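Naming convention: chains lettered A, B, ... in sequence-line order (proteins, then strands); numbering from 1 in each chain. Model, not experiment: these values are computed from the prediction.
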Number of protein chains: 2
Amino acid sequence: MATSRTDPLTLEVVELIGTVVARYYEEYEQAAAQHSLTGAQARVLGLLSLDPLPMRRIAQKLKCEPSNITGIVDRLEARGLVERRPDPDDRRVKLAVPTDEGQDTARRLRESLDFAREPLGELTEVERTLLRDLLRRMLGEDTP
Amino acid sequence: MATSRTDPLTLEVVELIGTVVARYYEEYEQAAAQHSLTGAQARVLGLLSLDPLPMRRIAQKLKCEPSNITGIVDRLEARGLVERRPDPDDRRVKLAVPTDEGQDTARRLRESLDFAREPLGELTEVERTLLRDLLRRMLGEDTP
DNA sequence: TATTGTTATACTCTATAACTATA
DNA sequence: TATAGTTATAGAGTATAACAATA
C-alpha cells in the first residue's frame with residue numbers, strides 16, 4: 001500500500017503533472033474551438049467516432065448525468081455531426097452515431113491534437129519508452 | 001525543431017497522458033466538491049492562497065475574461081472565504097485576499113489532493129526522479 | 001416494477017459588449 | 001484617452017427531480 005508522500009521530489013512531480021494537465025486541457029479546448037465545438041461536444045464526438053453508443057453509456061463514459069447528454073447530442077445533431085438511431089433490440093434505447101461529416105470532423109480533431117504529440121518530440125525514443133513505462137506503472141496498468 | 005510523431009510508441013504515450021489528465025481533472029473536481037466548491041472556485045482560492053491578486057491578474061492566470069472573475073469572487077466572498085480590498089496605490093484596483101477561513105480551506109484542499117500524490121507512491125525514488133526529469137524536458141523548462 | 005431517454009428547473013461558467021470610476 | 005472592475009446578456013454544461021415510453 002502506497003502512503004502519501006510530501007517530500008520535495010514528490011511535490012515537484014505533482015506540480016509538473018499539474019502543469020501538464022493544465023496545458024493539455026487548455027489546448028484541447030482550443031483544438032475543439034477551431035472546429036466550432038465545445039470541449040464536451042468534442043469529447044462526445046471523439047467517443048462516438050470510436051464506437052456508437054446509447055445515450056446512457058455516453059454519460060457513464062463522461063461521468064456525468066444522462067440528462068446532460070441529451071443537450072450535447074442535440075447540438076451535435078443540429079450541426080449534422082451525429083444522429084440518433086433506434087435500437088432494434090430495445091426500443092427504449094437510442095444509439096448516437098456519427099454521420100460521415102461527424103466522423104471526418106472527429107478525425108481532423110484528432111489530427112489537430114499535435115499539442116500533445118509535439119512536446120514529446122523533445123524526447124528520444126529511449127526516453128519516450130521510459131516515460132511510457134513510468135506512466136503505465138503510475139496508472140497501475142498491467143505491464144507484461 | 002520537433003516534428004509531430006505518429007509512431008505507436010508516441011501515440012501510446014499521448015494516450016497515457018490523456019488518461020492522467022482525465023483522472024487528475026476529475027479528482028480535482030471531486031476534491032473541490034468535498035469542500036462545497038466548484039472547480040473554478042477552488043482554482044481561484046488556491047491561487048489567492050499563494051498570493052493575493054487584483055481581479056484582472058486572476059483572469060490572466062486562469063486564462064479567462066475578467067468579467068467572469070467578478071462572479072467567482074462574489075461567491076467566494078459570500079461564503080466568507082475571500083474579501084476584496086482596495087489598492088491604496090490605484091483606487092481602480094481591487095485585491096482579492098483570502099480570509100483566515102479561506103486560507104484554511106485552501107490548505108485542506110491542497111492536502112486532499114492525495115489523488116495526485118498517491119499513484120506516485122507506486123514508484124521508487126529513482127523512478128520519481130526519472131519522471132521528474134522527463135516531464136521537465138517535455139515541458140521545456142530550464143534544467144540546469 | 002424497473003429502465004431509457006427526455007423535460008423542466010436552477011446554478012455555475014463562459015465570452016461579449018456596454019457601463020463606472022478612476023488614472 | 002486609457003485602464004480596472006462591474007453589469008447585462010446569452011449560450012453551454014451540470015445536477016436534481018419528475019415524466020413518458022418501453023421492458
Side-chain angles (χ1 to χ4, degrees), chain A residues 22 25-48 52-79 81-97, chain B residues 22 25-48 52-79 81-97:
Chain A
Y25 208 87
E26 175 198 341
E27 297 185 8
Y28 188 92
E29 297 287 320
Q30 284 176 5
Q34 281 168 4
H35 297 270
S36 301
L37 295 170
T38 65
Q41 289 165 12
R43 278 184 285 278
V44 168
L45 183 58
L47 199 58
L48 297 179
L53 291 172
M55 305 296 282
R56 208 137 194 122
R57 295 279 299 125
I58 302 174
Q60 288 166 352
K61 291 268 190 184
L62 263 68
K63 299 191 170 91
C64 71
E65 293 301 314
S67 59
N68 302 328
I69 304 302
T70 299
I72 296 172
V73 169
D74 278 353
R75 292 180 262 295
L76 287 171
E77 197 165 32
R79 295 257 316 260
L81 301 176
V82 161
E83 60 182 31
R84 286 167 163 97
R85 288 193 198 153
D87 182 335
D89 297 345
D90 184 340
R91 292 194 326 205
R92 291 174 304 181
V93 173
K94 289 177 192 166
L95 255 63
V97 187
Chain B
Y25 207 87
E26 176 198 341
E27 296 185 8
Y28 187 92
E29 296 287 320
Q30 284 175 7
Q34 281 168 5
H35 297 271
S36 301
L37 295 170
T38 64
Q41 288 165 12
R43 278 184 285 278
V44 168
L45 183 59
L47 200 58
L48 297 178
L53 291 172
M55 305 296 282
R56 209 135 194 124
R57 295 279 299 126
I58 302 174
Q60 287 167 353
K61 291 267 190 186
L62 262 69
K63 299 189 169 92
C64 70
E65 293 300 315
S67 59
N68 301 328
I69 304 303
T70 298
I72 295 172
V73 169
D74 278 353
R75 291 180 265 293
L76 288 171
E77 197 164 31
R79 295 257 316 261
L81 301 176
V82 161
E83 60 182 31
R84 286 169 163 96
R85 289 194 198 150
D87 182 333
D89 297 343
D90 184 339
R91 293 195 326 210
R92 292 173 304 180
V93 173
K94 289 177 191 166
L95 255 63
V97 188

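- Between the CD atom of A:E29 and the C1' atom of D:dG13 there is a distance of 11 Å, rounded to whole Å.
- Considering only side-chain N and O atoms, A:R56 lies nowhere under 4.0 angstrom from the phosphate OP1 or OP2 of C:dT6.
- For B:T38, a side-chain nitrogen or oxygen approaches OP1 or OP2 of C:dC13 to under 4.0 Å.
- Phosphate proximity of D:dA21 to A:K94: absent, as no side-chain N or O sits under 4.0 Å from OP1 or OP2.
- Distance, A:E26 CD to C:dT14 P: 12 Å, rounded to whole Å.
- Note that CZ of A:R56 is 9.5 Å distant from CZ of A:R92, once rounded to the nearest 0.5 Å.
- A donor-acceptor pair under 3.5 Å links the side-chain atoms of B:R79 to the main chain of B:S36, judged by distance alone.
- Summarising the geometry of B:V44 relative to B:L76, their closest heavy-atom pair is CG1-CD1, 3.8 Å, with the distance given to 0.1 Å.
- A residue-by-residue look at B:P54 and A:E65 shows that B:P54 has its nearest nucleotide of DNA chain D further toward the 5' end.
- The base of C:dT16 lies close enough to the side chain of B:S67 for a donor and an acceptor atom to sit less than 3.5 Å apart.
- Rounded to whole Å, atom C1' of C:dA23 lies 13 Å from atom CG of B:D87.
- You'll find a donor-acceptor pair under 3.5 Å spanning the side chain of B:R92 and the base of D:dT3, going by distance alone.
- When each of B:C64 and A:V93 is assigned the nucleotide of DNA chain C with its nearest heavy atom, A:V93 is the one assigned upstream, toward the 5' end.
- With rounding to the nearest 0.5 angstrom, the CG atom of B:L95 is 8.5 Å from the CZ atom of B:R85.
- Regarding contacts with the backbone of C:dT14, every side-chain N or O of B:K63 stays at 4.0 angstrom or more from both OP1 and OP2.
- B:D74 has its CG atom 13 Å from the P atom of D:dG5, to the nearest Å.
- Mapped onto DNA chain C by nearest heavy atom, A:R57 and B:G71 fall at different nucleotides, with A:R57 at the one closer to the 5' end.
- Between the CZ atom of B:R84 and the CD atom of B:E77 there is a distance of 5.0 Å, given to the nearest 0.5 Å.
- OP1 or OP2 of D:dT6 sits under 4.0 Å from a side-chain N or O of B:R84.
- Here the P atom of nucleotide D:dG11 and the CZ atom of A:R79 are 16 Å apart, to the nearest Å.
- Contact annotation for A:I69: no contact, since no heavy-atom pair falls under 4.0 Å across all strands.
- The side chain of B:T70 has D:dT6 as its nearest neighbour among C:dT12, D:dT6, C:dT6.
- Going from atom CG of A:N68 over to atom P of C:dT4 covers 17 Å, rounded to whole Å.
- To the nearest angstrom, C1' of D:dG13 lies 15 Å from CD of B:Q41.
- Between B:L53 atom CG and D:dG5 atom P there is a gap of 10 Å when expressed in whole angstrom units.
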